[in-house]
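Reckoned from all heavy atoms, side chains included, excluding hydrogens, waters and symmetry mates.
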Amino acid sequence: MPNIVLFSGSSHHDLSQKVADRLGLELGKVITKKFSNQETCVEIGESVRGEDVYIIQSGCGEINDNLMELLIMINACKIASSSRVTAVIPCFPYARQDKKDKSRAPISAKLVANMLSVAGADHIITMDLHASQIQGFFDIAVDNLYAEPAVLQWIKEHIPEWKNCIIVSPDAGGAKRVTSIADRLNVDFALIHKERKKANEVDRMVLVGDVKDRVAILVDDMADTCGTICHAADKLIDAGAVKVYAILTHGIFSGPAISRINSAPFEAVQCSSLFYQFTTLAVLKCPDLQGWIVWVPSDFPGNKFG
């Protein structure tokens with residue numbers, strides 16, 4: 001049986017180290033650098049011949065540079081005669097561009113899938129894909145893991161009134177996610193229909209469901225500029241919700257996100273540690289904004305935590 005070799009890209013080294021610690025492994029030696037023209041160069045510092053290679057690289061920070069770095073690392077390991085190369089991509093890049101929603105629009109998520117396959121990836125592991133159909137863009141194995149177990153645990157441990165709560169999706173696309181969580185908690189769910197004038201700008205929101213005198217818990221896969229969840233929080237308060245929480249898998253928090261959260265009526269905002277935060281989150285009014293997910297696939301050899 002081949003040995004496991006775990007490499008970390010430069011996007012989120014802290015997460016890679018946590019995964020390695022949990023598995024009792026050392027991160028493999030890899031050197032990433034840039035030439036003066038910003039061309040990416042990767043050097044694998046140890047033999048991977050016949051080994052089972054896992055490369056952890058998330059779609060955060062400098063997304064284009066990190067994606068290119070991942071592709072080069074995959075190809076470098078593949079042509080170095082590794083047995084198998086698995087790309088662990090907690091936040092899949094370009095996941096929001098998953099369909100042709102207007103004339104001449106690209107399907108960039110499909111392009112990324114093709115690039116990963118051509119680079120030599122044999123297996124993809126990701127988490128809470130923005131659209132589940134992205135799995136169908138690949139002809140190789142794809143594992144889309146879910147944050148739901150951690151979300152359920154956090155709700156029960158940190159929200160005393162959770163039995164009187166209502167799980168809310170800030171858009172129609174997340175309906176399946178919130179209904180699953182609501183069923184597991186045996187509570188009701190609601191959703192908000194949103195209309196956009198352009199990307200990252202919400203024009204109008206319509207609440208479907210009764211949140212009056214209830215604790216509302218917004219659950220979403222990602223929050224970028226946070227316009228959606230902040231508008232949703234205002235809508236829920238206006239509709240009679242007594243408290244509003246937000247739980248996010250991928251907290252991107254770009255642009256005005258921090259100031260928007262601080263001025264929104266949230267009781268607390270919770271996100272995973274899957275996305276490296278370049279912004280100091282200590283400025284948030286929500287003290288519970290901490291990482292709570294260190295995940296390892298249950299079938300990963302050596303994983304004792306299943």
Side-chain angles (χ1 to χ4, degrees), residues 12 58-63 90-97 128 130-131 147 151 154-155 158-159 165-175 177-178 181 189-209 211 214-293:
H12 198 341
S58 194
C60 56
E62 299 292 336
I63 294 176
C91 183
F92 194 85
Y94 292 90
R96 285 176 283 188
Q97 299 180 45
D128 267 355
H130 187 65
V151 170
W154 191 87
I155 289 173
H158 295 87
I159 302 180
C165 76
I166 183 167
I167 311 297
V168 184
S169 172
D171 55 41
R177 183 181 302 109
V178 300
I181 293 172
F189 72 92
L191 62 87
I192 294 174
H193 173 67
K194 66 182 178 183
E195 296 177 358
R196 294 184 185 274
K197 287 190 291 187
K198 57 183 180 180
N200 287 332
E201 186 175 326
V202 178
D203 181 30
R204 190 170 69 95
M205 285 188 155
V206 178
L207 175 64
V208 181
V211 299
R214 312 279 288 278
V215 173
I217 304 175
L218 282 163
V219 178
D220 206 359
D221 64 307
M222 68 168 64
D224 188 354
T225 59
C226 293
T228 296
I229 64 165
C230 290
H231 277 89
D234 292 334
K235 190 77 177 177
L236 292 169
I237 291 296
D238 291 343
V242 293
K243 290 181 181 179
V244 179
Y245 294 84
I247 302 177
L248 316 164
T249 306
H250 306 295
I252 301 173
F253 302 132
S254 65
I258 303 298
S259 60
R260 283 177 174 176
I261 290 178
N262 280 331
S263 58
F266 288 115
E267 190 74 15
V269 175
Q270 183 75 7
C271 73
S272 76
S273 59
L274 298 178
F275 207 97
Y276 184 78
Q277 304 299 344
F278 293 91
T279 307
T280 301
L281 296 181
V283 300
L284 288 170
K285 70 177 183 181
C286 306
D288 287 328
L289 189 56
Q290 303 291 336
W292 42 230
I293 298 177

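Judged by distance alone, the side chain of D220 and the main-chain N or O of A223 form no donor-acceptor pair under 3.5 Å. Listed for the R177 side chain is no donor-acceptor partner under 3.5 Å among the backbone atoms of S169.
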Would you please test V269 and Y245 for side chain to side chain contact (heavy atoms under 4.5 Å, CB included) and show each step? CA-CA 6 Å; V269 175; Y245 294 84; over 6 Å; no
Check against side chain to side chain contact (heavy atoms under 4.5 Å, CB included), Y94 and I63: CA-CA 9 Å; Y94 292 90; I63 294 176; 4.1 Å; yes
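The heavy-atom pair separating L218 from I229 by the smallest distance is CD1-O, 3.7 Å. What you find for M205 and K235 is that their closest heavy atoms are O-NZ, 3.3 Å. The shortest heavy-atom contact between A257 and C226 is CB-SG, 3.7 Å. Between I237 and P265 the shortest heavy-atom distance is CG1-CG, 3.7 Å.
Within the 4.5 Å cutoff, the side chain of L191 has no heavy atoms near those of the V168 side chain. Contact check for C60 versus C91: no side-chain heavy atoms found under the 4.5 Å cut-off. At a threshold of 4.5 Å between non-hydrogen side-chain atoms, the residues I192 and V206 do not count as touching. Counting only heavy atoms from C-beta outward, the side chains of I159 and I217 approach each other to under 4.5 Å. Considering only heavy atoms from C-beta on, F253 comes within 4.5 Å of I261 through its side chain. Inter-residue side-chain proximity for M222 and L248 is flagged as unmet; no heavy-atom pair is nearer than 4.5 Å. With contacts defined as side-chain heavy-atom distances shorter than 4.5 Å, the pair V151/I181 qualifies. Between F266 and C230, the closest side-chain pair of non-hydrogen atoms falls below 4.5 Å.
The salt bridge (Lys or Arg N to Asp or Glu O under 4.0 Å) analysis of residues 244-253, with sequence neighbours excluded, yields no pairs.
Between R260 atom CZ and H231 atom NE2 the span is 7.0 Å, to the nearest 0.5 Å. In this structure, H250 NE2 and I252 CD1 are separated by 8.0 Å, a value rounded to the nearest 0.5 Å.
No donor-acceptor contact under 3.5 angstrom links the side chains of D221 and T249, judged on distance only.
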